[in-house]
Enquirer: 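For reference, the structure I am asking about is given below.
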Amino acid sequence: GAVVSQHPSRVICKSGTSVKIECRSLDFQATTMFWYRQFPKQSLMLMATSNEGSKATYEQGVEKDKFLINHASLTLSTLTVTSAHPEDSSFYICSARDTRVSYNSPLHFGNGTRLTVT
Amino acid sequence: GENVEQHPSTLSVQEGDSAVIKCTYSDSASNYFPWYKQELGKRPQLIIDIRSNVGEKKDQRIAVTLNKTAKHFSLHITETQPEDSAVYFCAASKADSNYQLIWGAGTKLIIKP
């Protein structure tokens, strides 16, 4: 089945630094990937839709200059949290679907990245 | 836009009993309804899904029912086991939103031994 790989799984960084999270579709091409943020005991919050070869689409309230998304190839999307602050600490998860199956095929998730900003 | 409500937020059942989680949606154009299971600190994993042309789907101990008229769908887990303990999320999507998933708030299922 479709596999989505996300790295790193955990990262601790100092306030003011930037952190890059990678999301790869291992056995399929993903023209679109989705980036979610999840707070403890809460649902998944869609941050942005990453589109290969074009600009990402950000959800309302998500700062695009804060959360930089690059989808340079059909198998890789990256999320960079710039000038991270403690309030950016969260669980970030990427997902993608294998559109070879259908555009309505299930979403497959990466393992998530636990970001802690000190 | 679409809104998905999920109930209950927490459900505690005795091992071996059945568990039912319910979701309602607002947009009648939604046509795909997946259920995901998320264990603590891990990624959501699809456990079952249903499309609007079907009223019920079953996979071993798990089943999903869909009532398009009432705009609600439910997850049924029979003969619950300790490993069923997790948070379960329902979601809804439709074609003209690029099948973007709209998520329910989640249900924490606790299986009591």
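Each chain gets a letter, A, B and so on, in the order the sequences are listed, and its residues count up from 1. These values consider heavy atoms only, across backbone and side chains, with no hydrogens, waters or symmetry-generated copies.
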Enquirer: Does CD belonging to B:Gln14 count more than 12 external heavy atoms closer than 6.0 Å?
Expert: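 Atom CD in B:Gln14 is crowded, with more than 12 foreign heavy atoms closer than 6.0 Å.
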Enquirer: Does A:Leu74, at its CG atom, have more than 12 non-hydrogen atoms belonging to other residues, nucleotides or ligands within less than 6.0 Å?
Expert: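 It does: A:Leu74 CG has more than 12 such atoms within range.
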Enquirer: With a 4.5 angstrom heavy-atom cut-off, could you sort out which part of A:Gln38 is near chain B: side chain, backbone, both or neither?
Expert: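 The side chain, not the backbone.
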Enquirer: Using the rule that two of Ile, Leu, Val, Met, Phe, Trp, Tyr join whenever any of their side-chain heavy atoms come within less than 4.5 Å, decide whether B:Tyr88 and B:Ile111 are in one cluster.
Expert: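 Yes, one cluster joins them.
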Enquirer: Quick check on A:Phe109 against chain B: is it the side chain, the backbone, both or neither that has a heavy atom closer than 4.5 Å?
Expert: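 Both the backbone and the side chain of A:Phe109 come within 4.5 Å of chain B.
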Enquirer: A:Leu76 and A:Val81: same hydrophobic cluster, using ILVMFWY side-chain contacts below 4.5 Å?
Expert: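 Result: no, two separate clusters.
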Enquirer: Looking at A:Arg10, I want to see if its CZ is surrounded by more than 12 non-hydrogen atoms of other residues, nucleotides or ligands under 6.0 Å.
Expert: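 Counting other residues, nucleotides and ligands, CZ of A:Arg10 stays at 12 neighbours or fewer.
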Enquirer: Could you look at A:Leu107 and say if it's the side chain, the backbone, both or neither that has a heavy atom under 4.5 Å from chain B?
Expert: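 Both backbone and side chain.
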Enquirer: Backbone N or O of B:Gly104 within a donor-acceptor pair of the A:Ser43 side chain at under 3.5 Å?
Expert: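 Side chain of A:Ser43 to backbone of B:Gly104, a donor-acceptor pair under 3.5 Å: yes, one is there.
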Enquirer: Is it true that atom CG of A:Leu26 has more than 12 heavy atoms of other residues, nucleotides or ligands lying nearer than 6.0 Å?
Expert: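 Atom CG in A:Leu26 is crowded, with more than 12 foreign heavy atoms closer than 6.0 Å.
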Enquirer: Does any backbone or side-chain atom of B:Pro34 lie under 4.5 Å from a heavy atom of chain A? Answer side chain, backbone, both or neither.
Expert: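 Neither part, no heavy atoms under 4.5 Å.
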Enquirer: To the nearest 0.5 Å, tell me how far A:Ser9 OG sits from B:Arg43 CZ.
Expert: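 CZ of B:Arg43 is found 12.0 Å from OG of A:Ser9.
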Enquirer: Counting a contact as any heavy-atom pair under 4.5 Å apart, which residues of residues 63-76 of chain B contact chain A?
Expert: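 Residues qualifying by a heavy atom under 4.5 Å from chain A are absent, so none.
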Enquirer: Would you name the heavy atoms of A:Phe91 and B:Gln38 that are closest together and state the gap between them?
Expert: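 Shortest heavy-atom contact: CE2-NE2, 4.1 Å.
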Enquirer: Please round to the nearest 0.5 Å and tell me the distance separating atom CD of B:Gln100 and atom CG of A:Leu46.
Expert: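 B:Gln100 CD to A:Leu46 CG: 5.0 Å, rounded to 0.5 Å.
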Enquirer: Are B:Val87 and B:Leu11 in one and the same hydrophobic cluster, where Ile, Leu, Val, Met, Phe, Trp and Tyr link if side-chain heavy atoms are under 4.5 Å apart?
Expert: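 In one cluster with B:Val87: B:Leu11, no.
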Enquirer: Which region of B:Gln45, side chain (C-beta onward) or backbone (N, CA, C, O), has a non-hydrogen atom less than 4.5 Å from a non-hydrogen atom of chain A, or is it both or neither?
Expert: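 When you check distances to chain A, no heavy atom of B:Gln45 falls under 4.5 Å.
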Enquirer: For the hydrophobic clusters of this structure (ILVMFWY residues joined by side-chain heavy atoms under 4.5 Å, transitively), does one cluster hold both B:Trp103 and B:Val4?
Expert: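 No, separate clusters.
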Enquirer: For residues B:Trp35 and B:Leu109: do they belong to one hydrophobic cluster (side chain heavy atoms under 4.5 Å, members Ile, Leu, Val, Met, Phe, Trp, Tyr)?
Expert: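 Looking at the clustering, B:Leu109 is in the same group as B:Trp35.
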Enquirer: To the nearest 0.5 Å, tell me how far B:Leu101 CG sits from A:Arg97 CZ.
Expert: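 With rounding to 0.5 Å, CG (B:Leu101) is 5.5 Å from CZ (A:Arg97).
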Enquirer: For the CD atom on B:Glu83, are there more than 12 heavy atoms of other groups (residues, nucleotides or ligands in this structure) within a distance under 6.0 Å?
Expert: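 Yes, the 6.0 Å shell around CD holds more than 12 heavy atoms from other groups.
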Enquirer: Does A:Lys41 NZ have over 12 foreign heavy atoms under 6.0 Å away?
Expert: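 Atom NZ in A:Lys41 is not packed in, count stays at 12 or less.
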